[in-house]
Amino acid sequence: KQEVTQIPAALSVPEGENLVLNCSFTDSAIYNLQWFRQDPGKGLTSLLLIQSSQREQTSGRLNASLDKSSGRSTLYIAASQPGDSATYLCAVYGNNRLAFGKGNQVVVIP
Amino acid sequence: DAGVTQSPTHLIKTRGQQVTLRCSPISGHKSVSWYQQVLGQGPQFIFQYYEKEERGRGNFPDRFSARQFPNYSSELNVNALLLGDSALYLCASSLESSYNEQFFGPGTRLTVL
């Protein structure tokens, strides 16, 4: 059974600092990995998709890396803004399903 | 283009009742998946349907069932509701079943009293 862990569970950073969020998974037999953002009580917004053959993906201030052999992914958010405050979820796709971590709850302090 | 839509937005039921949740995928998407998210946890996989066939089932009791219609919309049914079924139910759609990006709807908040 795939287990996904996200560390740290919660963090606060001052505005302008770079954010680094970590995700690890136990089974490297995955098709892809997605990072999502979730605002309180809302659905999930897809941020980045990394296919298993890729090493990283970038979108604006966001960059995500994938090391499938070691079962790790990292999401970098450059120059954080108060609007980046949310929960960030990592999910790996395999066996016809996404397996999620519990999320990193981020607060960016103005 | 419209994203994934779900109805209703909120629902309050009592123990023992039955509930039906609905999902419409993004136009052109053939795969629909259902997830349950309880407060403070990541979403848990319930079902995946692709071209109207069940392709995956998570570790949920038989009280949970689903189906996909010819227009690719989907329904999730939960019978004999328990207090522990209170959660945010999320629907996701994708073009195909395996390699593609998953897009989520806003969810249905189910409260069981």
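The neighbour count for B:Asn59 CG, taken as heavy atoms of other residues, nucleotides or ligands under 6.0 Å away, does not exceed 12. By the neighbour-count criterion of 12 heavy atoms within 6.0 Å, atom CZ of A:Arg72 is sparsely surrounded, having that number or fewer from other residues, nucleotides or ligands. The environment of B:Leu113 atom CG is dense: over 12 non-hydrogen atoms of other residues, nucleotides or ligands sit within 6.0 angstrom. Shown here is B:Arg15, whose CZ atom has no more than 12 heavy atoms of other residues, nucleotides or ligands within 6.0 Å.
Distance check: B:Leu90 CG to A:Phe36 CZ gives 10.0 Å after rounding to the nearest 0.5 Å. Atom CG in A:Leu44 sits 12.5 Å away from atom CZ in B:Phe103 (nearest 0.5 Å). For the atom pair CD of B:Gln44 and CZ of A:Arg97, the computed distance is 10.5 Å after rounding to the nearest 0.5 Å.
Using a 4.5 Å cut-off between heavy atoms, A:Gln38 contacts chain B through its side chain alone, with no backbone atom that close. Interface remark: A:Leu89 contributes side-chain atoms only to the contact with chain B (heavy atom separation under 4.5 Å). Contact of B:Gln37 with chain A is made through the side chain alone, with heavy-atom distances under 4.5 Å.
Chain A forms more heavy-atom pairs under 4.5 Å with one residue of B:Gly42, B:Ser33, B:Pro43 than with any other, namely B:Pro43. Ranked by heavy-atom pairs under 4.5 Å with chain B, the list A:Gln34, A:Gln51, A:Lys42 is led by A:Gln34.
With A:Asn96 contributing its side chain and B:Arg55 its backbone, the two residues share a donor-acceptor pair below 3.5 Å. With hydrogens and angles ignored, the 3.5 Å screen pairs a side-chain donor or acceptor of B:Tyr35 with a backbone N or O of A:Leu98.
Considering all non-hydrogen atoms of both residues, B:Gln102 and A:Ser46 come closest at O-CB, 4.1 Å.
Taking the salt bridge (Lys or Arg N to Asp or Glu O under 4.0 Å) definition, one finds that B:Arg22 meets it with B:Glu75, sequence neighbours left out.
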